[in-house]
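Structure first, commentary second.
Here is how names work: the chains are called A, B, and so on, in the same order as the sequence lines, proteins then strands, and each is numbered from 1.
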There are 2 protein chains.
Amino acid sequence: MKIEEFARRIGMPVSTISKALNGYADVSAETRAHVLRAARRLGYSPNPLGRRLRQKSSDAIGFVLSPPQTGFAHPFFLNMLMGIDEGLVETGYHLIITTARSLESEVDTFKRLVEKQHVDAMIFSRTRRNDPRIAYLQKRRIPFATFGRSETGKPFPFVDIDYAAAGREGVRRLLARGHRRIALVNSPTHYMFSCYRRQGYEAALRDCGIAPDPDLYVEEDITEDGGAHGLQRLMRAASPPTAVLCGHDLMAIGVMRTLVAAGKRPGQDVAVIGSDDDPIGRYFNPALTTFSAETRRAGQRIVQLLLAAMQGTPAKALQEVWTPQLIPRASDGPA
Amino acid sequence: MKIEEFARRIGMPVSTISKALNGYADVSAETRAHVLRAARRLGYSPNPLGRRLRQKSSDAIGFVLSPPQTGFAHPFFLNMLMGIDEGLVETGYHLIITTARSLESEVDTFKRLVEKQHVDAMIFSRTRRNDPRIAYLQKRRIPFATFGRSETGKPFPFVDIDYAAAGREGVRRLLARGHRRIALVNSPTHYMFSCYRRQGYEAALRDCGIAPDPDLYVEEDITEDGGAHGLQRLMRAASPPTAVLCGHDLMAIGVMRTLVAAGKRPGQDVAVIGSDDDPIGRYFNPALTTFSAETRRAGQRIVQLLLAAMQGTPAKALQEVWTPQLIPRASDGPA
DNA sequence: CTCCGGCTCGAAAACGATTTCGGACCGGTG
DNA sequence: CACCGGTCCGAAATCGTTTTCGAGCCGGAG
């Protein structure tokens, strides 16, 4: 049913109906209620395609999954996806997702979504220190919110996890257990969160009067193989580490694999700590000590921040940094 | 730029341009090429909102994730999602996803997407024997394709995994290893794939002259707790199983957990086989023997089938059943 | 009585495409 | 010459809203 027919049926002008439905001020509460009731009764609801054309909006927000080959932590993204979807329910927006093929084509993916398919706003994660996606969106004045901070451009809404704190706490815990040669198998530092982790790691060492040893620091892909390769590099050092902090649980598993292959027992001979609480860590033997990352709740929250920003709340007030919790298990030594 | 301005600029009528862009027959190859070149040169591309209104299509297909609490196998869905997205690239369609809150509200989720948000077609998984989603979509004549068969309605395109074969092969393998009391901790049989698994399981037993024992068959949620609870029920039997086939790797892990808690060693005292090759299985100790499930490739294929169906290919020709491969590891006994 | 604010009405102009339709041109065929 | 198929042209209708605008009504305040 078109709005004209509906108007005829309830004997009201089209304009009043449209205004009632769209919350205009110059229609009395009474008429509005009447229209809403009639609409429900007759099953009228405005055709979204028509309204979208008129309003130049698409009622959709886009979410871009990072390219798989750059280290794709399954539960991480799926939980975030679910959180976003949950945050979106009852808002009238729907969720369009797509995956970037590669790091290079990431901005193109954004352009495709923004320019051709018409989403009203974007959400993404894995922000980088210098992030072309942010530059692009701000230039085009497309609203967005992210998981993670960046040094690019003007303030924007985000939720982030305090990875500096994670790095610091990880080091402190290992120091308290008597370790002195603590390595960091980090994720690549073009990601902001890797930078913060490194900062926290080095700061905590210095606090105890230990100078960070370049031989104990490597960067690798956020994958199991990345972790495995990272530890291989570390073991070439003159004096190898007795404890390893990792950029992600998957990397930690790779580290432990290499450890085992070299005849060492993770959790006994060498302490290992991961990050982001991938479910795999619980099942691994020894169970992986790690840091929490509530990506599902983060997804929900990011949606709220984004919507607030689209309604005019200044971005400065829409930035949250959450403190991760250590989840002690067995891989960093006997309790 | 609107089409009118573009038309003026290249000195051609609007109608010819539109026809050229939409592949009509009554425009020569020459003019079409000319229009396309000019469009690229001047950066014109038709506003999707306008064309969608006119064509009453939304250039989008919807994918519904099953509700988490019904047993949400993370990598399973994320891989499928990635496959779908990969299948969709270059087709001009985009992907709208949403999650159903509960089994009951599943059809409502579909209605919301189909009636309000306007997707042109749907993809979903976890088909059930009697599936209201299928009934609804066929009644409304909305194209769709699924992961999994169903007994509902008329033929439709799908990719499915031959879970009957998995059940059969699992039993055969366990029989070959000398087991006689083989249990099945199955997923709920309102899912089609659970039915097929059960059929294969029972058929293989009968082939060897063993009557399926009702005490060795339970159904549980597709979660770790479901598996754990299933084995608890089985252990109450007078003569408990020496081997357990499971509906999913997560369930198998629950089974093994209960086994360990009862002082039995999975893989030595009791053989366990899972299903669907969840990455967790690789890391578990003992590593989980399971069956492959190429959900990523399935997602890609389902998109192809769906698009073919939308272009008129009869559904009968768009149905594929893939045979799963056994992935032998340690949990079903020493090699 | 006049004026004004709050509300309603109806018509009409966007929004940006696709599609139809009648007319015209042009080269070739009968 | 008449006719035809293949192209191209232009104008106009259509998709279903939202939004604007001028006009009108009514009750209460001044």
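- You won't find any donor-acceptor pair under 3.5 Å spanning the side chain of A/R51 and the base of D/dT17, going by distance alone.
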Atom pairs, N/O to N/O, protein against nucleotides 4-7 of chain C, distance under 3.5 Å?
none

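- Computed from coordinates, the A/E4 CD to C/dA11 P distance equals 10 Å when rounded to whole Å.
- When each of B/Q55 and A/Q55 is assigned the nucleotide of DNA chain C bearing its nearest heavy atom, the one mapping closer to the 5' terminus is A/Q55.
- Neither OP1 nor OP2 of D/dT17 sits under 4.0 Å from any side-chain N or O of A/N47.
- Put simply, CD1 on A/I17 is 16 Å from P on D/dG16, counting in whole angstrom units.
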Please lay out, stage by stage, how A/R32 and A/Y24 fare under the test side-chain contact (heavy atoms from CB on, under 4.5 Å).
-> CA-CA 9 Å; A/R32 187 190 317 284; A/Y24 272 64; 5.7 Å; no
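- Remark: A/E5 CD is packed, more than 12 non-hydrogen atoms of other residues, nucleotides or ligands lying under 6.0 Å away.
- The base of D/dT17 is not paired with the side chain of A/R54 by any donor and acceptor separated by under 3.5 Å.
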Steps toward side-chain hydrogen bond (donor to acceptor under 3.5 Å, both in side chains) verdict (A/S102, A/E104) | CA-CA 5 Å; A/S102 69; A/E104 296 71 43; 3.2 Å; yes
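- One can place NZ of A/K19 at 10 Å from P of D/dT19, the figure rounded to the nearest angstrom.
- Taking every heavy atom of both residues into account, B/I17 and B/A7 meet most closely at CD1-CA, 3.5 Å.
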Determine all donor-acceptor pairs shorter than 3.5 Å in which one atom belongs to a side chain in residues 42-52 of chain B; sequence neighbours excluded.
| residue | atom | partner | partner atom | Å |
| --- | --- | --- | --- | --- |
| B/N47 | OD1 | B/L49 | N | 2.6 |
| B/N47 | OD1 | B/G50 | N | 3.1 |
| B/R51 | NH2 | B/N22 | OD1 | 2.6 |
| B/R52 | NH1 | B/D59 | OD2 | 3.2 |
| B/R52 | NH2 | A/Q117 | O | 3.2 |

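- Closest approach to the A/S15 side chain among D/dC15, D/dT18, D/dT19 is made by D/dT19 (side chain taken as heavy atoms from C-beta onward).
- The distance from atom NZ of B/K56 to atom P of C/dG16 is 19 Å, rounded to the nearest whole Å.
- Rounded to whole Å, atom C1' of C/dA17 lies 16 Å from atom CZ of A/R52.
- The pair B/E106-B/R128 meets the salt-bridge criterion, with a side-chain N (NZ, NE, NH1 or NH2) lying under 4.0 Å from an Asp/Glu carboxylate O.
- The side chain of B/Y44 places no N or O atom within less than 4.0 Å of a non-bridging phosphate oxygen (OP1 or OP2) of C/dG16.
- Between B/K2 and C/dA17 there is no side-chain polar atom (N or O) within less than 4.0 angstrom of OP1 or OP2.
- In this pair, A/F158 and A/F156 present their aromatic rings perpendicular. The plane angle is above 60°, beyond the 30 to 60° band.
- In this structure, A/T16 reaches the C/dC9 phosphate: one of its side-chain N or O atoms is under 4.0 Å from OP1 or OP2.
- A/W322 does not carry A/R301 over the face of its six-membered ring by the limits of under 6.0 Å from the centre and within 45° of the normal.
- Place B/E30 and B/L53 on DNA chain D by their nearest nucleotides, and B/E30 ends up nearer the 5' end.
- D/dT19 atom C1' lies 14 Å from atom CG of A/L21, rounded to whole Å.
- Among the atoms of the strands shown, none is found under 4.0 Å from any heavy atom of B/L49.
- The OH-P distance, from A/Y24 to C/dC9, rounds to 17 Å in whole Å.
- Atom CZ of B/R8 is separated from atom C1' of D/dG10 by 15 Å (rounded to the nearest Å).
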